Amino acid sequence: MFSFNIFGDIPRTFNKQYQCYSVAMLPGNEREDVEKGGKIIMPPSALDHLTQLNITYPMLFKLTNRRINRVSHCGVLEFVADEGNVYLPRWMMHNLLLEEGDLVSIENILLPVASFAKFQPQSSDFLDITNPKAVLENSLRNYACLTTGDVIAIMYNKKTYEVCVLETKPGNAVCIIECDMNVEFSAPVGYEEPKKVEKEEDFEMDETNLIPEQKGFVAFTGEGNILDENKKKKINLDGQGNKSSGVAKVPYQRGIPDYNYTVGTLQFIRNNKPPAEKENKEPTNDFKPFFGSGQSLRQSKN
């Protein structure tokens, strides 16, 4: 039994070579939507070929620079390029080390859904972003897949930040369309942890050192007596069994004010007594507490 196929076998995969150009070379208005994403623009003939194949959506492609065997992955944005040409974002051409007009091989591929990705900013300026995870999540909406080792471009506030894809799971290339992906950041390239400056310890002064030492008589330091014998008197005992009042008896020396002081003058008294008197006589303390004569306004009756 013989069978003849007049039209020949239709290949079930898409694998073609195109001349690649950056999006800036695309005729018409500037396409910023391509530059800030991970999708390319292909010719209409590629769409006709893909529709004849039993391919799985979304359309994902493997890009290969066969000259140096450099590989990346992408999605497709539109099919409006000139025949024989494809237009890539500038960052993608840098990753593949492609120049304007170089040949690139494009092959449709099926990638696993991403579960984890780790990124490393290429500059410490990325730390100036208030919420980097939210900015990254918003930027990745323009991407269809990620490849380990690629340096992707993220645009925020009219500034482009380059971020390297350090790791992806469950494979080196993953699809990030409608997926729940955990994201981690590594320290930016050239980032150094700020050195902790040890602050000099504040000088702490014991307030008790500011209190002058009491010399001579100290009032109200005696022991008290209780009139009610039924109540036991609490007495503190020192280590030798002697009674202790609980108050340290410190010698106290009371100062004598200058009653002849004149307002508006300053006096610098260095010695209270003449040197001769100090050498010949020992210092005496003539102060007697609660000593003096009192007066009464009421006259006593004779």
Side-chain angles (χ1 to χ4, degrees), residues 5-114 139-155 160 162 165 168 171-179:
N5 189 348
I6 300 176
F7 301 101
D9 294 332
I10 300 177
R12 311 312 300 175
T13 59
F14 180 87
N15 192 347
K16 290 185 175 293
Q17 280 191 341
Y18 296 94
Q19 285 185 318
C20 66
Y21 296 92
S22 60
V23 181
M25 304 295 293
L26 181 66
N29 297 329
E30 185 178 359
R31 299 293 301 270
E32 294 183 357
D33 54 342
V34 183
E35 285 292 355
K36 62 181 181 181
K39 299 178 182 180
I40 64 176
I41 296 179
M42 301 178 67
S45 60
L47 177 61
D48 295 338
H49 191 178
L50 289 168
T51 54
Q52 298 177 15
L53 304 177
N54 186 19
I55 62 174
T56 303
Y57 290 86
M59 293 183 183
L60 302 177
F61 300 94
K62 176 182 178 182
L63 305 180
T64 306
N65 182 356
R66 294 183 178 178
R67 180 169 51 86
I68 58 174
N69 198 25
R70 193 73 173 253
V71 176
S72 185
H73 298 81
C74 68
V76 59
L77 184 63
E78 294 177 357
F79 294 90
V80 295
D82 299 333
E83 290 298 331
N85 297 338
V86 291
Y87 295 91
L88 280 63
R90 186 178 293 105
W91 67 264
M92 194 175 295
M93 294 191 66
H94 289 170
N95 287 331
L96 294 172
L97 301 180
L98 293 171
E99 300 291 340
E100 302 288 346
D102 286 350
L103 292 178
V104 60
S105 177
I106 300 180
E107 177 184 0
N108 70 305
I109 192 172
L110 180 64
L111 297 177
V113 178
S139 299
L140 290 181
R141 294 177 181 176
N142 300 318
Y143 290 76
C145 52
L146 294 173
T147 307
T148 301
D150 278 358
V151 178
I152 64 176
I154 295 177
M155 293 187 179
T160 302
E162 292 185 342
V165 184
T168 56
N172 292 332
V174 291
C175 174
I176 61 173
I177 298 177
E178 297 181 357
C179 69

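All figures in this text were calculated on a predicted structure; none of them were measured in a lab.
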Run F61 and L50 through side chain to side chain contact (heavy atoms under 4.5 Å, CB included) and show every step you take. CA-CA 11 Å; F61 300 94; L50 289 168; 3.7 Å; yes

Enter the distance from T64:OG1 to Q17:CD here, rounded to the nearest 0.5 Å. 9.5 Å

If we ignore hydrogens and angles and just use 3.5 Å, is the side chain of N95 paired with the main-chain N or O of V151 as donor and acceptor? yes

With rounding to the nearest 0.5 Å, note down the distance linking CG in D150 to CE in M92. 7.5 Å

Taking all non-hydrogen atoms of both residues, which atom of N65 and which atom of L96 are closest, and how far apart? ND2-O, 2.8 Å

Mind listing the closest non-hydrogen atom pair of V86 and V104 along with its distance? CG2-CG1, 3.9 Å

What are the two closest non-hydrogen atoms of P112 and A173, and how far apart are they? CD-O, 3.6 Å

Pair C74, K39 - check side chain to side chain contact (heavy atoms under 4.5 Å, CB included), show working. CA-CA 5 Å; C74 68; K39 299 178 182 180; 6.0 Å; no

Please identify each residue that fulfils salt bridge (charged side-chain N to carboxylate O under 4.0 Å, His left out) with R70, with sequence neighbours left out. none

Would you say that C175 contacts L146 through its side chain, given a criterion of any heavy-atom pair below 4.5 Å between the two side chains? no

To the nearest 0.5 Å, what is the distance between CD1 (I176) and CG (L140)? 4.5 Å

Do the side chains of Y87 and V34 get nearer than 4.5 Å, heavy atoms only? no

Step through the shown structure and confirm whether more than 12 heavy atoms of other residues, nucleotides or ligands are within 6.0 Å of CD on E83. yes

Of all heavy-atom pairs between F79 and P43, which one has the smallest distance, and what is that distance? CD2-O, 3.5 Å

Of all heavy-atom pairs between A46 and Y18, which one has the smallest distance, and what is that distance? CB-OH, 3.6 Å

Kindly say whether G84 contributes a backbone atom to a donor-acceptor pair with the side chain of Q19 at under 3.5 angstrom? no

Could you report the tightest heavy-atom contact between P58 and I177, atom names first, then the distance? CG-CD1, 3.6 Å

Does E78, at its CD atom, have more than 12 non-hydrogen atoms belonging to other residues, nucleotides or ligands within less than 6.0 Å? yes

Is it the case that the side chain of W91 and the backbone of G37 share a donor-acceptor pair, with hydrogens and angles ignored and the cut-off at 3.5 Å? yes

Non-hydrogen side-chain atoms of T147 and V165 separated by less than 4.5 Å: no

Atom pair NE2/NZ of H49 and K16 - distance to nearest 0.5 Å: 5.5 Å

Under 3.5 Å donor-acceptor, E35 side chain and R90 backbone: yes

Is E100 close to S22 at the side-chain level, that is, under 4.5 Å between some pair of heavy atoms? yes

Checking M59 against N108 for the side chain to side chain contact (heavy atoms under 4.5 Å, CB included) test, could you report, in this order, the C-alpha distance in whole Å, the side-chain angles of both residues, the deciding distance, and whether it holds? CA-CA 7 Å; M59 293 183 183; N108 70 305; over 6 Å; no

Do the non-hydrogen side-chain atoms of M42 and I106 ever get within less than 4.5 Å of each other? yes

From C20 atom SG to E99 atom CD, the distance as rounded to the nearest 0.5 Å: 9.0 Å

Output for pair (R66 CZ, S105 OG), nearest 0.5 Å, gives 3.5 Å

Chi angles and distances behind the side chain to side chain contact (heavy atoms under 4.5 Å, CB included) call for V76, L47: CA-CA 10 Å; V76 59; L47 177 61; over 6 Å; no

